[in-house]
Amino acid sequence: MRTYDVIAKKRDGNELNESEINHVVNGYVNGSIPDYQMAAFLMAVYLKGMTVKECTYFTKCMLSSGDIMDLSHIAGVKVDKHSTGGVGDKTTLIIAPIVAACGVKVAKMSGRGLGHTGGTVDKLESIEGFKVGLEKEKFFDILKKVGCCIVSQTGNLVPADKKIYALRDVTATVESIPLIASSIMSKKLASGADCILLDVKVGSGAFMKTSEEAIKLSKLMVEIGESFGKKVTAVVTGMDEPLGSSIGNFLEILESYEVLKGNGPEDLREVSLYLASQMLYMAGMGNLTECQDKAKRSIESGSALKKFKEMICAQGGNISALEDEYCKIKFRVKYECLSSAAGYVTHIDASQVGKASMFLGAGRLVKEDSIDPYAGIVLSKKVGDQVNEGEVLGTLYSSDVIKCKEAENIFKESFKISNKQPYKSPFVRAKVTFGKVDTYVL
Ligand code: URA
């Protein structure tokens with residue numbers, strides 16, 4: 001088979017068969033296909049798309065390029081969750097203990113943050129002593145004893161995706177729905193869970209800018225999952241402003257801790273409970289109302305908080321430091337950003353807030369950058385709030401006042417203030433299951 005012919009077939013908008021897709025993916029991974037041909041192939045896919053069948057072949061081939069986690073020896077239904085990434089999205093930290101407290105196992109492999117969005121692994125590592133790089137046996141052991149465990153992706157999980165994603169990143173081919181769907185699903189399928197909940201973010205701070213695009217991506221991922229015999233649900237949730245009030249690794253741990261204690265920002269609590277109840281529902285824990293009640297009760301009774309603490313201890317984290325760390329945050333450079341206008345907050349550009357947080361040291365511009373676990377932002381105002389001139393919009397935390405001054409303008413420019421009270425869209429925009437789309441708001 002000639003690679004040239006496969007590229008030309010896709011360029012002309014034709015459907016590729018399994019052996020043609022295997023030829024390209026395997027050839028690129030084993031080095032027989034050079035970057036320039038793979039780049040041409042990816043651009044052809046970007047421009048002409050791929051059918052569900054092609055995406056399934058693509059996913060299957062990437063999936064078989066590395067290790068696949070076998071969780072079958074662990075009793076009960078195992079669920080996993082993936083978010084397409086957003087600013088202030090710390091829902092995994094809240095949902096995993098809620099779901100585990102309700103008796104369903106959460107086996108989660110997470111990534112590090114890059115660019116304006118944070119990674120769950122970086123957030124957890126901001127807890128003194130917390131280990132994310134566990135041996136398989138230890139991961140299984142915690143899963144059995146505690147019911148939830150969050151680790152970093154192992155080096156050999158879908159190596160094909162790693163290599164292809166790096167090329168997409170420099171060839172303007174990341175923003176392709178078939179490529180995103182195959183990339184995410186290959187990693188989720190390799191993680192070995194029985195049920196997968198996908199949280200597809202939509203809005204200014206997300207990959208998908210419109211609900212239509214987010215639903216299209218959701219449907220494709222659900223269909224790919226189904227063809228591998230997995231139960232997959234995708235929910236489309238808003239990312240028009242940061243989720244919750246805290247952005248930055250340790251600040252987000254503290255906020256998650258607050259939500260598990262029954263406090264914390266309402267939007268974060270609501271979306272976390274919604275996602276957790278969907279996971280319980282998929283795992284067969286009752287009808288949706290029963291699952292919602294179970295999730296709520298796990299917070300009210302303190303059982304979810306207990307699970308969170310158990311997971312942190314099992315993974316080496318220092319729980320007592322978690323309460324004391326409030327002091328650490330307080331004694332850093334703390335820089336208040338004041339509003340120069342009065343009115344209602346009508347918009348907070350999440351990607352801009354993410355960028356400001358990155359400047360403060362909370363995120364990475366390139367993979368090799370180190371991060372400051374205590375840097376970040378706490379919002380004092382959210383969309384819909386009233387603000388007076390000179391009132392605090394948010395507080396920046398960093399090791400260095402110069403970084404705060406650099407981040408201040410980006411942060412302040414992310415706010416839109418007007419004298420008209422805005423309409424606040426509900427967080428959950430749509431839910432996609434196999435063959436069904438429930439749209440709540442577009
Ligand atoms: N996240 C992924 O894992 N893959 C993509 O292609 C895009 C976002």
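Atoms within each ligand, like the ligands themselves, are counted from 1 in listed order.
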For the residue pair K90 / S246, report whether a side-chain donor-acceptor contact shorter than 3.5 Å exists.
no
Can you tell whether the side chains of K306 and E310 come within less than 4.0 Å, N to carboxylate O?
yes
Heteroatom distance test (S183, ligand 1): nitrogen or oxygen, under 3.5 angstrom:
yes
Any heavy atom of V174 sitting closer than 4.0 Å to ligand 1?
no
of all protein heavy atoms, closest to atom 8 (C) of ligand 1 is F207 CE1, 3.4 Å
Run the salt-bridge test on K10 and D12 with the 4.0 Å N-O cut-off and return the result as yes or no.
no
Carboxylate-amine/guanidinium proximity below 4.0 Å for D194 and K230:
no
Considering heavy atoms of the protein only, find what lies nearest to atom 1 (N) of ligand 1 and give residue, atom and distance to 0.1 Å.
I184 CG1, 3.9 Å
Should the pair R269-D267 be classified as a salt bridge under the 4.0 Å nitrogen-to-oxygen rule?
no
Check: K187 N/O within less than 3.5 Å of ligand 1 N/O:
yes
